[in-house]
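Values in this document were obtained by computation on a predicted structure and should not be read as measured data.
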Amino acid sequence: PGEYRKPFVALLNTRLPEYAGFKYSGVGEPSSPCLLFFAAKVADVMAPGENKWVIEQMMDVEAPEMVRVANKLIEQTIDPAPG
């Protein structure tokens, strides 16, 4: 409930340039610094302070699954052969 779209889009607009500065290995795989940045941002909101479990959960479980889903979505929606 409530207005979440505008704040979400504003945050995305802030974060995307930051993520663009990271290197990606393989086919769309984020680097460890990118994953750590993501995990730290989530931890800041979810559990501020010394909560390493949030960072570990994000890097080891959530981020890889998110990348897998995002890559699948990209493969299904973008034609790799320019026409």
Side-chain angles (χ1 to χ4, degrees):
E3 174 56 45
Y4 58 88
R5 290 181 181 154
K6 288 181 183 177
F8 176 75
V9 170
L11 182 59
L12 242 140
N13 287 334
T14 299
R15 292 280 182 262
L16 289 177
E18 295 172 323
Y19 284 108
F22 290 104
K23 294 184 179 185
Y24 292 83
S25 59
V27 181
E29 296 295 323
S31 63
S32 292
C34 180
L35 292 177
L36 182 57
F37 177 80
F38 166 74
K41 293 299 182 185
V42 172
D44 287 347
V45 173
M46 236 181 108
E50 292 293 321
N51 289 309
K52 291 184 180 180
W53 70 269
V54 175
I55 291 176
E56 291 172 0
Q57 176 73 18
M58 289 296 106
M59 290 186 71
D60 296 340
V61 178
E62 306 301 333
E65 176 63 11
M66 190 173 60
V67 169
R68 185 191 68 76
V69 170
N71 284 340
K72 183 177 178 182
L73 177 64
I74 290 167
E75 287 173 8
Q76 292 174 348
T77 57
I78 296 176
D79 184 4

Give the ring-plane orientation class for Tyr19 versus Phe37, where under 30° counts as parallel, over 60° as perpendicular and anything between as tilted.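 Ring orientation of Tyr19 relative to Phe37: perpendicular.
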
Hydrophobic cluster identity match, Val61 and Met66, side-chain contacts under 4.5 Å: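 Unlinked, Val61 and Met66 end up in two clusters.
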
Can you tell me how far apart [atom1] ([X]) and [atom2] ([Y]) are? Round to the nearest 0.5 Å.
X     : Y     : atom1 : atom2 : answer
Asn71 : Gln76 : CG    : CD    : 11.0 Å
Glu18 : Cys34 : CD    : SG    : 10.5 Å
Leu16 : Leu11 : CG    : CG    : 9.0 Å
Leu36 : Met59 : CG    : CE    : 5.0 Å
Ile55 : Phe38 : CD1   : CZ    : 11.5 Å
Leu73 : Ile78 : CG    : CD1   : 8.0 Å

Could you check if a side-chain atom of Met58 sits within less than 4.5 angstrom of a side-chain atom of Leu35, using non-hydrogen atoms only?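 With C-beta onward as the side chain, the pair stays apart.
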
Could you tell me whether Lys72 and Glu75 make a salt bridge, using a distance below 4.0 angstrom between a side-chain N and a carboxylate O?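 Here Lys72 does not pair with Glu75 in a salt bridge, since their nearest N and O are not under 4.0 Å apart.
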
Do the side chain of Glu3 and the main chain of Arg5 share a donor and acceptor less than 3.5 angstrom apart?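 Yes; at least one donor-acceptor contact below 3.5 Å.
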
